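Report on one structure; see the data block that follows.
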Amino acid sequence: QVQLVESGGGLVQAGGSLRLSCAASGRSFSTYVLAWFRQAPGKEREFVAGIGWSGGSRNYASSVLGRFTMSRENAKNTVYLQMNSLKLEDTAVYYCAAAPLGSTWSRSSEYDYWGQGTQVTVSS
């Protein structure tokens with residue numbers, strides 16, 4: 001059974017930092033991309049960042065480039081999203097997801113597996 005379990009969300013003031021974690025289990029993800037998406041109330045789910053499990057290639061949404069960093073720790077089957085200089089508009093539920101290599105990273109429909117989400121709230 002494939003599981004993606006997110007943690008690390010919470011309440012933080014604007015300008016602060018949070019680190020999200022996503023622990024993956026249930027299959028080999030060596031041929032997968034792991035990504036973070038987010039969904040704010042009343043808005044569509046949007047791509048935030050992605051990383052190739054084996055090759056280490058990364059991709060970021062322009063709205064988070066330079067502020068967020070995605071990394072992985074293969075020994076723990078875990079990926080992270082370090083979020084710095086958080087803004088009010090970063091408030092959302094953040095989801096971890098996995099898609100086969102070769103997928104369009106920003107297209108949520110191409111992701112096979114999803115976590116349950118973790119809430120990030122940025123206050124003024």
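One-based numbering along the sequence shown. Owing to the predicted nature of the structure, the values given are computational and were not obtained by experimental measurement.
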So how far is it from [X] [atom1] to [Y] [atom2], rounded to the nearest 0.5 Å?
| X | Y | atom1 | atom2 | value |
| --- | --- | --- | --- | --- |
| Asp90 | Ser63 | CG | OG | 7.5 Å |
| Glu73 | Ser21 | CD | OG | 9.0 Å |
| Leu86 | Arg67 | CG | CZ | 6.5 Å |
| Trp36 | Phe47 | CH2 | CZ | 12.5 Å |
| Ser25 | Gln1 | OG | CD | 8.0 Å |
| Leu18 | Met83 | CG | CE | 4.5 Å |

Is there a continuous path of hydrophobic side-chain contacts, each under 4.5 Å between heavy atoms, that joins [X] to [Y]?
| X | Y | answer |
| --- | --- | --- |
| Leu81 | Leu34 | yes |
| Val5 | Tyr111 | no |
| Trp105 | Ile51 | no |
| Phe37 | Tyr32 | no |
| Leu20 | Tyr113 | yes |

Side-chain heavy-atom pair [X], [Y] within 4.5 angstrom cut-off:
| X | Y | value |
| --- | --- | --- |
| Arg72 | Asn74 | yes |
| Ser124 | Leu88 | yes |
| Arg45 | Trp114 | yes |
| Val2 | Phe29 | yes |

- [ ] May I have the step-by-step check of side chain to side chain contact (heavy atoms under 4.5 Å, CB included) for Arg38 and Thr91, ending in yes or no?
- [x] CA-CA 9 Å; Arg38 67 186 181 187; Thr91 295; over 6 Å; no
Task: Audit row: Arg27, Asp112, side chain to side chain contact (heavy atoms under 4.5 Å, CB included) steps and yes/no - done: CA-CA 12 Å; Arg27 65 159 295 143; Asp112 296 332; over 6 Å; no
Open item on the list: Under a 3.5 Å distance rule, please check whether Glu6 uses its side chain to pair with a backbone N or O of Gly117 as donor and acceptor.
Closed with: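 The answer is yes, because a donor-acceptor pair under 3.5 Å joins these two groups.
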TODO: Go through the steps for Gln39 and Tyr95 under the test side chain to side chain contact (heavy atoms under 4.5 Å, CB included), then give the verdict.
DONE: CA-CA 8 Å; Gln39 189 166 20; Tyr95 297 90; 4.2 Å; yes
Open item on the list: For the CD atom on Glu89, are there more than 12 heavy atoms of other groups (residues, nucleotides or ligands in this structure) within a distance under 6.0 Å?
Closed with: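 Check passes, neighbour count above 12.
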Nearest heavy atoms of [X] and [Y], plus distance in Å:
| X | Y | value |
| --- | --- | --- |
| Val79 | Cys96 | CG2-SG, 4.3 Å |
| Asn84 | Ser17 | OD1-OG, 2.9 Å |
| Cys22 | Leu4 | SG-CB, 4.0 Å |
| Gln119 | Thr121 | NE2-OG1, 3.3 Å |
| Ala92 | Ala40 | CB-N, 3.8 Å |

- [ ] Mind running side chain to side chain contact (heavy atoms under 4.5 Å, CB included) on Ser103 and Val33 for me, showing each step along the way?
- [x] CA-CA 8 Å; Ser103 303; Val33 168; over 6 Å; no
TODO: Establish, yes or no, whether the cationic atom of Arg19 lies under 6.0 Å from the six-membered ring centre of Tyr80 and within 45° of the ring axis.
DONE: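 Yes.
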